[in-house]
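Working notes, structure below.
Below, chain A is the first sequence line, B the second, and so on; all start at residue 1.
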Amino acid sequence: MIETPTLVDQYCHGVLRTELGLGTFEAHLGRTAGPPAPGTTFFDTQTGFAVRRWCPPLLGLEPHCPPARYLARRRELGVLESGRRLLRASGISTYLVDTGMPGDLTGPDEIAAAGDARAHEIVRLELLAEQVADTSGTVDALLANLAEAVHGAAATAVAFISVAGVRQGFAAPEPPGPGEVRGAAGRWLASRRVGDRLTDPVLLRHLLWIAVSTGRPLQLQVGVEDPMPLGDFAAATAGLGTDLVLLHGYPYHRQAAHLASVFPHVYADLGPVLAQTGARAAAVLAETLEPAPFGKLLFSSGAHGLPELHVVAAAVFRSALGRVLGDWVGDGAWSLTDAQRVATMIASGTARRIYGLG
Amino acid sequence: MIETPTLVDQYCHGVLRTELGLGTFEAHLGRTAGPPAPGTTFFDTQTGFAVRRWCPPLLGLEPHCPPARYLARRRELGVLESGRRLLRASGISTYLVDTGMPGDLTGPDEIAAAGDARAHEIVRLELLAEQVADTSGTVDALLANLAEAVHGAAATAVAFISVAGVRQGFAAPEPPGPGEVRGAAGRWLASRRVGDRLTDPVLLRHLLWIAVSTGRPLQLQVGVEDPMPLGDFAAATAGLGTDLVLLHGYPYHRQAAHLASVFPHVYADLGPVLAQTGARAAAVLAETLEPAPFGKLLFSSGAHGLPELHVVAAAVFRSALGRVLGDWVGDGAWSLTDAQRVATMIASGTARRIYGLG
Amino acid sequence: MIETPTLVDQYCHGVLRTELGLGTFEAHLGRTAGPPAPGTTFFDTQTGFAVRRWCPPLLGLEPHCPPARYLARRRELGVLESGRRLLRASGISTYLVDTGMPGDLTGPDEIAAAGDARAHEIVRLELLAEQVADTSGTVDALLANLAEAVHGAAATAVAFISVAGVRQGFAAPEPPGPGEVRGAAGRWLASRRVGDRLTDPVLLRHLLWIAVSTGRPLQLQVGVEDPMPLGDFAAATAGLGTDLVLLHGYPYHRQAAHLASVFPHVYADLGPVLAQTGARAAAVLAETLEPAPFGKLLFSSGAHGLPELHVVAAAVFRSALGRVLGDWVGDGAWSLTDAQRVATMIASGTARRIYGLG
């Protein structure tokens with residue numbers, strides 16, 4: 001048996017602090033803001049089935065019990081106690097938490113306490129820039145504060161994440177020139193109202209490049225797009241000493257893994273895909289293991305809002321990794337020693353190395 | 001065992017009325033209009049092997065018998081009797097038939113009678129528009145007749161299909177303006193000869209939007225292209241009450257399934273892919289089941305010309321679904337109850353719901 | 001058991017003539033020119049693990065022994081003797097060798113002698129053009145010499161390969177006009193220095209079309225790009241009597257196989273993908289076998305520099321083919337006779353046919 005005694009969840013969010021009804025819980029299983037199609041439910045998804053497989057036993061119920069029964073038991077225990085039981089059963093010993101999502105979510109310290117684990121903060125570049133803009137009156141102040149804020153955050157943050165800059169990185173790999181940046185900053189200051197999101201492509205690219213200059217790993221949320229055009233940004237940042245970590249990527253996960261094979265400083269994340277594909281996770285994991293050097297892949301949960309999603313990601317990952325590598329060892333394609341070594345790399349070792357964790 | 005006692009074939013064509021020689025039969029197994037490469041045959045494809053696996057026993061022969069022997073037996077029985085035997089063994093109880101393909105093909109009533117099943121018509125938008133143009137002399141008449149024809153068809157058709165509009169939908173998701181439409185209609189009337197195909201992008205988009213306004217489900221033939229750009233059209237039609245059903249999609253079937261996960265009114269078809277991939281159908285089906293909510297997938301055969309293709313699609317689908325879901329139940333990933341429920345949805349339930357079948 | 005008694009390696013390179021240290025050996029397992037990421041090694045890849053699985057036993061060691069031990073044994077035997085042992089155990093009886101890669105590599109005759117096999121030359125169009133340019137002083141001379149060189153090479157070469165022209169073929173499928181070609185030739189002659197690579201898109205397309213006119217099969221290195229846009233070039237060359245062979249293609253191998261299903265003169269190569277995906281080769285092979293007619297797929301190793309890569313490609317291919325087809329026979333999806341026939345086609349038969357090998 002391949003063992004993964006401990007996991008570093010290299011990208012996740014906090015969990016909701018309030019008790020949840022069936023509808024709110026269900027909403028976190030879907031991929032859209034809106035309700036499911038009439039006559040359907042988000043419980044009828046791989047994620048929904050995976051939650052029903054792995055979580056009820058952790059709260060003392062049968063696997064695959066009906067959602068309403070599970071939610072009743074969850075409320076009976078209370079949101080805090082059920083969260084503690086779930087997270088402590090996940091096998092995750094370190095959480096890297098993107099604190100930039102809106103909503104009443106637990107922060108790194110709370111998730112660490114609930115899960116009896118460690119936690120570190122990932123700083124979301126776009127949110128940081130918006131906060132800086134809220135308090136900067138001039139272009140000079142904005143640009144100076146932006147640089148200071150990013151470099152300041154680098155002192156404590158374990159990594160940066162950009163969720164919007166990726167598409168801009170696709171379009172133009174090089175840093176924008178100073179004049180371009182000043183112009184964009186001026187237009188943004190003149191037109192924005194407090195709370196507005198940053199969408200200007202020049203400023204997003206500028207932000208990416210400030211982050212690159214700090215040397216902290218930069219996570220790029222690829223989303224559901226072919227990441228191959230990111231190759232130009234990867235080429236432009238090669239040799240600068242900053243690692244890029246591609247998040248998500250399904251159904252282009254082979255392409256993301258390919259980029260990790262071509263650029264020494266590019267890594268690929270595989271967690272959320274696994275949680276979302278549930279019973280198919282072993283197959284998807286196996287595809288990711290085709291092109292990528294094994295030291296370039298990282299587990300994460302990508303979980304948001306429900307501790308069930310952290311649990312499911314971890315359980316699905318362990319189960320899938322054990323099955324895939326176990327089969328290869330059984331076939332004689334891999335040695336058991338190598339398989340165990342690779343499992344440890346992906347589960348925690350590579351994350352410890354590139355994020356400088358203890 | 002997972003059972004699918006009855007199937008709704010949500011997209012197919014009629015079958016040829018004439019006796020077939022080996023060459024004509026073979027031509028229907030390929031994906032091109034022309035002959036196979038020298039030294040090769042379309043029987044040496046997954047579709048060809050699947051036909052040889054599933055169909056000979058229905059006509060009293062051994063599986064995998066040589067094509068010439070199968071064709072001889074088919075002629076011995078006659079095209080009518082062999083068609084009846086094949087269709088009645090398919091397990092398909094309802095056929096939704098696109099009547100817009102050229103050729104001497106059976107219509108919905110004939111296929112229903114041959115297969116001891118029900119059948120409904122899917123109306124092809126492009127053909128309808130061409131027929132309208134043949135009898136409309138002015139722009140005003142063309143546009144009025146077009147709207148009337150589509151709304152009239154909606155009274156009896158179970159759905160609309162667009163085979164050419166999809167690419168235009170990719171390019172510009174919004175409905176074209178009235179001036180644009182009039183200009184395009186005028187140019188088309190001035191230049192076309194009777195029988196000419198509709199290829200004007202503005203008129204194709206106009207047609208899509210008239211169809212959307214009827215509320216009948218709109219099938220979009222994605223073909224062999226990445227359907228992700230269709231997201232813009234899906235976003236533009238969200239909340240209007242009309243369902244979109246993406247047809248085909250291989251090798252971008254995960255992307256089609258992803259769109260079905262993101263938009264409540266988008267559904268994905270999985271039949272023809274399974275028939276075309278034969279021994280690999282379980283793997284392709286499993287990929288489609290990764291991102292899509294299970295209530296957003298629909299069986300179809302996509303069969304055209306040969307009743308063997310309806311049979312193979314149905315047999316391959318049942319076999320693949322039984323294997324994939326059965327494995328997941330065996331692993332404990334799904335409960336048997338859930339698996340049976342999902343199988344029924346995909347086989348017939350979702351089609352009954354969105355097309356309003358009895 | 002499915003047997004592949006002999007293989008035609010329809011695309012490979014020679015092997016290095018010098019003794020190799022661990023670092024040089026490792027460099028040939030990666031996909032980039034540079035070193036692996038800090039803390040990682042190219043041995044921790046599917047290719048690395050496959051080499052460690054298949055090659056040590058051929059030199060008298062245990063499978064999966066440490067790389068340093070394998071390299072020590074390799075040096076003990078000497079580069080010649082280890083190369084002979086490896087190549088003769090590969091089961092490859094004919095090598096088609098692209099002689100256009102730089103480096104101290106064995107040519108077709110040497111690899112044939114070392115491997116106790118036959119070998120034929122594949123001529124690289126870009127290199128041929130660069131050699132012609134080195135000795136042509138005028139536009140007229142360049143164009144005349146180019147045509148003569150390509151047609152001359154066609155008399156002895158088994159095929160042509162273009163590694164750079166593919167992207168240009170994507171952009172504009174038709175041959176460039178004579179004026180365009182003369183202009184491009186003039187600019188190239190005026191600006192180039194001896195040894196400069198050919199990158200001009202017009203001249204690259206011109207070269208492709210001269211090669212097409214010879215009737216020799218034309219191999220196109222697709223690389224890591226979606227080959228679907230090549231459909232336009234395929235359409236433009238259909239019916240001219242020249243076969244196109246798409247090389248590589250992963251992770252777009254289903255798309256490459258699809259093109260082989262649509263165009264009678266298009267074939268798809270599957271070797272290097274298999275060697276690179278190692279333990280996953282059966283899955284990748286199975287994907288390629290979905291859309292492609294079975295007579296349109298060809299084995300190759302794509303090996304370069306290390307005879308281990310020829311061995312691994314052949315071993316992985318045999319093992320994957322045997323497993324995939326064997327499973328289908330076991331399921332009753334294919335007959336054993338058909339499976340054996342298809343295996344022979346892919347392993348050698350189709351290559352013998354389209355390259356006119358004895």
So does B:Arg118 have more than 12 non-hydrogen atoms from other groups sitting under 6.0 Å from CZ?
no
A:Arg323 atom CZ, over 12 foreign heavy atoms within 6.0 Å
no
Select all residues of residues 258-265 of chain B having any heavy atom within less than 4.5 Å of some heavy atom of chain A, and report them by number, or 'none'.
B:His258, B:Ser261, B:Val262, B:Phe263, B:Pro264
For chain A, find its close neighbours in residues 236-251 of chain B: heavy-atom separation under 4.5 Å, sorted by number, or none.
none
For residues 37-53 of chain A, give me every residue with a non-hydrogen atom less than 4.5 Å from any non-hydrogen atom of chain B.
A:Ala37, A:Pro38, A:Gly39, A:Thr40, A:Asp44, A:Thr45, A:Gln46, A:Phe49, A:Arg52, A:Arg53
When only heavy atoms count and the cut-off is under 4.5 Å, which of residues 279-291 of chain A reach chain B?
A:Ala279, A:Arg280, A:Val284, A:Glu287
Got a donor-acceptor contact below 3.5 angstrom from the A:His64 side chain to the B:Leu336 backbone?
no
Rounding to 0.5 Å, atoms OH (A:Tyr252) and CZ (B:Arg254) come to a distance of 11.0 Å
Using non-hydrogen atoms and a 4.5 Å limit, figure out which bit of B:Trp328 sits close to chain A: side chain, backbone, both or neither.
side chain
Quick one: of B:Asp331, B:Val342, B:Asp327, who has the most non-hydrogen atom pairs under 4.5 Å with chain A?
B:Asp331
